[in-house]
Enquirer: 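Okay, handing you the structure first.
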Amino acid sequence: MTYHPKSDFIAIMMERGYLADCTDYQGLDEALMVPGRPAYIGYDATAKSLHVGHLLNIMMLRWFQKTGHKPITLMGGGTTKVGDPSFRSDERPLLTPAAIDDNIASMKNVFAKYLAYGDGASDAIMLNNAEWLDDLNYLEFLRDIGRHFSVNRMLSFESVKSRLDREQSLSFLEFNYMILQAYDFLELNRRYGCILQMGGSDQWGNIINGIDLTRRVLDHEIYGLTSPLLTTSDGRKMGKSQGGAMWLNADMLSPYEFWQFWRNTTDADVGRFLKLYTELPVDECDRLAALAGSEINEAKIILANEVTALCHGAEAAAAAEATAREVFEKGGIGDDLPTLDLTAAEVAEGISIVQVIVRAGLAKSGKEAKRLIAENGARMDDAPLTDAGLMLDAAALSSPIKLTAGKKRHALVKLAG
């Protein structure tokens, strides 16, 4: 697309690779020439932490604020009670209101690292859609809002079609989700003058619904903008690893493991990730991406440091790098490695190495741990681990043991106390 933006925000979105599609490039670009415009992204409160898969859109909100506009983080206190069916193969488990509130409180801590909240023109605000969804009158809602939705059109959306094509059940509860999300956009426009909804490209249909509904009910011009759904160059979904989700909360994933995730980026992804997940100038991102051989590893360390500093602070990033250099370059045991503390009672009669590998988070099951050992993928204190029947006792753990899975995943095992 050859469009030359006037607004700083659209220019950054295009230059750094955040943009998949927009409902009206020119209209939105001109609207964003006025400072302090509100835009929102919605987050369902299905877990206590956001993960790396959310980070792209959080960075979009951060750039939105840095270019003089007002980000809205909309927490789905209401919609989480229903569940988003988008591109899921099954229905989400339903959470209690108390669990939803706990999750929102925990997620707030992450947003505050990236956005400045307050009462100023470009300060972020956090809202909860339970504010307007909890007290809806069903009959009034059907009459005033439901009449604007065509079931034929809703059935044509890819997220719905994919479930129906696979003959997987799509409950009426979930089918209502897209109407509620559209209603969110209408209410945010009515209450806060919000002119833009952003999200991943899988949200395109939901965003279009909200724009259509707001035009029909309020006759207001609003916009939608989507980011690409990222996969790594080897085809994995962004934010997933062998160890599970890459959480943004430090109490769910240590800053060292978070740093390590970025340090392990494949060569082909370094330039793209620097542009999307850091604030380094674009020409510097391009220069680092062009490095070859062992030099690309220094670019990966810069990527890991920059992303970790944003999420966990500069001190955590520096500590993670120091630990990594200690472990990788000097063969030592870093202070910051994920650690499994075993009690004297647990090792009194010995504990199997297979169980320890699983509990240290280096394998998901005993079967996977045994396969890791059989395929020569496990090491103990940097020596190959070949005996899946090995038992560790208090004497073996008189000093900490370093376990390694593959080339890059490490953990410490030691006696507590």
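We're numbering straight along the sequence, starting at 1.
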Enquirer: Only counting residues at least two apart or in another chain, list the ones meeting salt bridge (charged side-chain N to carboxylate O under 4.0 Å, His left out) with Lys300.
Expert: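 Checked Lys300 against salt bridge (charged side-chain N to carboxylate O under 4.0 Å, His left out); matches are Asp267.
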Enquirer: May I ask you to check whether Tyr40 and Tyr192 place their ring centres under 6.0 Å from each other?
Expert: no
Enquirer: Pairing donors with acceptors under 3.5 angstrom, does anything connect the side chains of Gln181 and Asp184?
Expert: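 Checked: Gln181/Asp184 side chains show no N/O donor-acceptor pair below 3.5 Å.
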Enquirer: Walk me through it: do Arg325 and Glu298 pass the test salt bridge (charged side-chain N to carboxylate O under 4.0 Å, His left out)?
Expert: CA-CA 12 Å; Arg325 290 195 187 277; Glu298 287 306 311; 3.4 Å; yes
Enquirer: Name the atoms and distances for all side-chain donor-acceptor pairs under 3.5 Å in residues 282-297, with sequence neighbours left out.
Expert:
{"from": "Glu284", "atom 1": "OE1", "to": "Arg287", "atom 2": "NE", "distance (Å)": "3.0"}
{"from": "Glu284", "atom 1": "OE2", "to": "Arg287", "atom 2": "NH2", "distance (Å)": "3.0"}
{"from": "Asp286", "atom 1": "OD1", "to": "Lys275", "atom 2": "NZ", "distance (Å)": "2.9"}

Enquirer: Does CG belonging to Asp219 count more than 12 external heavy atoms closer than 6.0 Å?
Expert: no
Enquirer: Which distance, rounded to the nearest 0.5 Å, do you find between the CD1 of Ile207 and the CD of Gln197?
Expert: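 With rounding to 0.5 Å, CD1 (Ile207) is 4.5 Å from CD (Gln197).
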Enquirer: Taking salt bridge (charged side-chain N to carboxylate O under 4.0 Å, His left out) as the cut-off, I'd like each qualifying pair that reaches into residues 50-68, sequence neighbours left out, listed once.
Expert: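 Qualifying pairs, neighbours excluded: Arg62-Glu279, Lys66-Glu279.
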Enquirer: Between the side chains of Trp63 and Tyr18, is a donor N or O closer than 3.5 angstrom to an acceptor N or O?
Expert: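 Judged by distance alone, the side chains do pair up.
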Enquirer: Under the salt bridge (charged side-chain N to carboxylate O under 4.0 Å, His left out) rule, collect the residues that match up with Arg216, sequence neighbours excluded.
Expert: none
Enquirer: Out of Ile104, Asn103, Leu127, Thr80, which one pairs with Met75 under the side-chain contact (heavy atoms from CB on, under 4.5 Å) rule?
Expert: Ile104
Enquirer: Would you say the side-chain atoms of Ser365 and Glu368 include a donor-acceptor pair closer than 3.5 Å?
Expert: no
Enquirer: Is the backbone N or O of Lys6 less than 3.5 Å from a side-chain atom of Asp29, with the two atoms forming a donor-acceptor pair by type?
Expert: yes
Enquirer: Are Ser201 and Asp21 linked by a side-chain donor-acceptor pair shorter than 3.5 Å?
Expert: no
Enquirer: With a 3.5 Å distance limit and no angle check, can you tell me whether Asn209 reaches the backbone of Asn206 through a side-chain donor-acceptor pair?
Expert: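 Checked: no pair found.
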Enquirer: Would His312 and Phe258 count as a close aromatic pair, with their ring centres under 6.0 Å?
Expert: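 Centroid separation for His312 and Phe258: below 6.0 Å.
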Enquirer: For Lys370, does the NZ atom sit with more than 12 other heavy atoms under 6.0 Å from it, leaving out its own atoms?
Expert: no
Enquirer: Just jot down the ring pair (Phe, Tyr, Trp, His ring centres under 6.0 Å) partners of Phe141, sequence neighbours excluded, or say none.
Expert: Tyr183
Enquirer: Taking atom types as modelled and ignoring hydrogens, do the side chains of Asn189 and Thr214 form a donor-acceptor contact shorter than 3.5 angstrom?
Expert: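 Thr214 and Asn189 do not have a side-chain donor-acceptor pair below 3.5 Å.
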Enquirer: Could you tell me if Thr404 and His410 have a donor-acceptor pair between their side chains, going purely by distance under 3.5 Å?
Expert: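 Note: His410 and Thr404 side chains meet the donor-acceptor criterion.
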Enquirer: Looking only at side-chain N and O atoms, does Asn129 offer a donor or acceptor that is under 3.5 Å from a partner on Thr79?
Expert: yes
Enquirer: Decide if atom NZ of Lys113 counts as having more than 12 heavy atoms of other residues, nucleotides or ligands within a radius under 6.0 Å.
Expert: yes
Enquirer: Report the C-alpha distance between Val52 and Leu248 in whole Å, list the side-chain angles of each, state the deciding distance to 0.1 Å, and finish with yes or no for side chain to side chain contact (heavy atoms under 4.5 Å, CB included).
Expert: CA-CA 7 Å; Val52 164; Leu248 303 185; 4.1 Å; yes
Enquirer: Any side-chain donor paired with an acceptor under 3.5 Å for Asn249 and Ser49?
Expert: yes
Enquirer: Between Arg191 and Glu187, does any side-chain N to carboxylate O distance fall below 4.0 Å?
Expert: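 Answer for the salt bridge query: yes.
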Enquirer: Hey, what's the ring geometry for Trp259 with Tyr256, parallel, tilted or perpendicular (30° and 60° as the breaks)?
Expert: parallel
Enquirer: Any pair with a residue in residues 141-156 that passes salt bridge (charged side-chain N to carboxylate O under 4.0 Å, His left out), sequence neighbours left out, goes on the list, sorted by first then second residue, please.
Expert: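 Found Arg153-Asp212.
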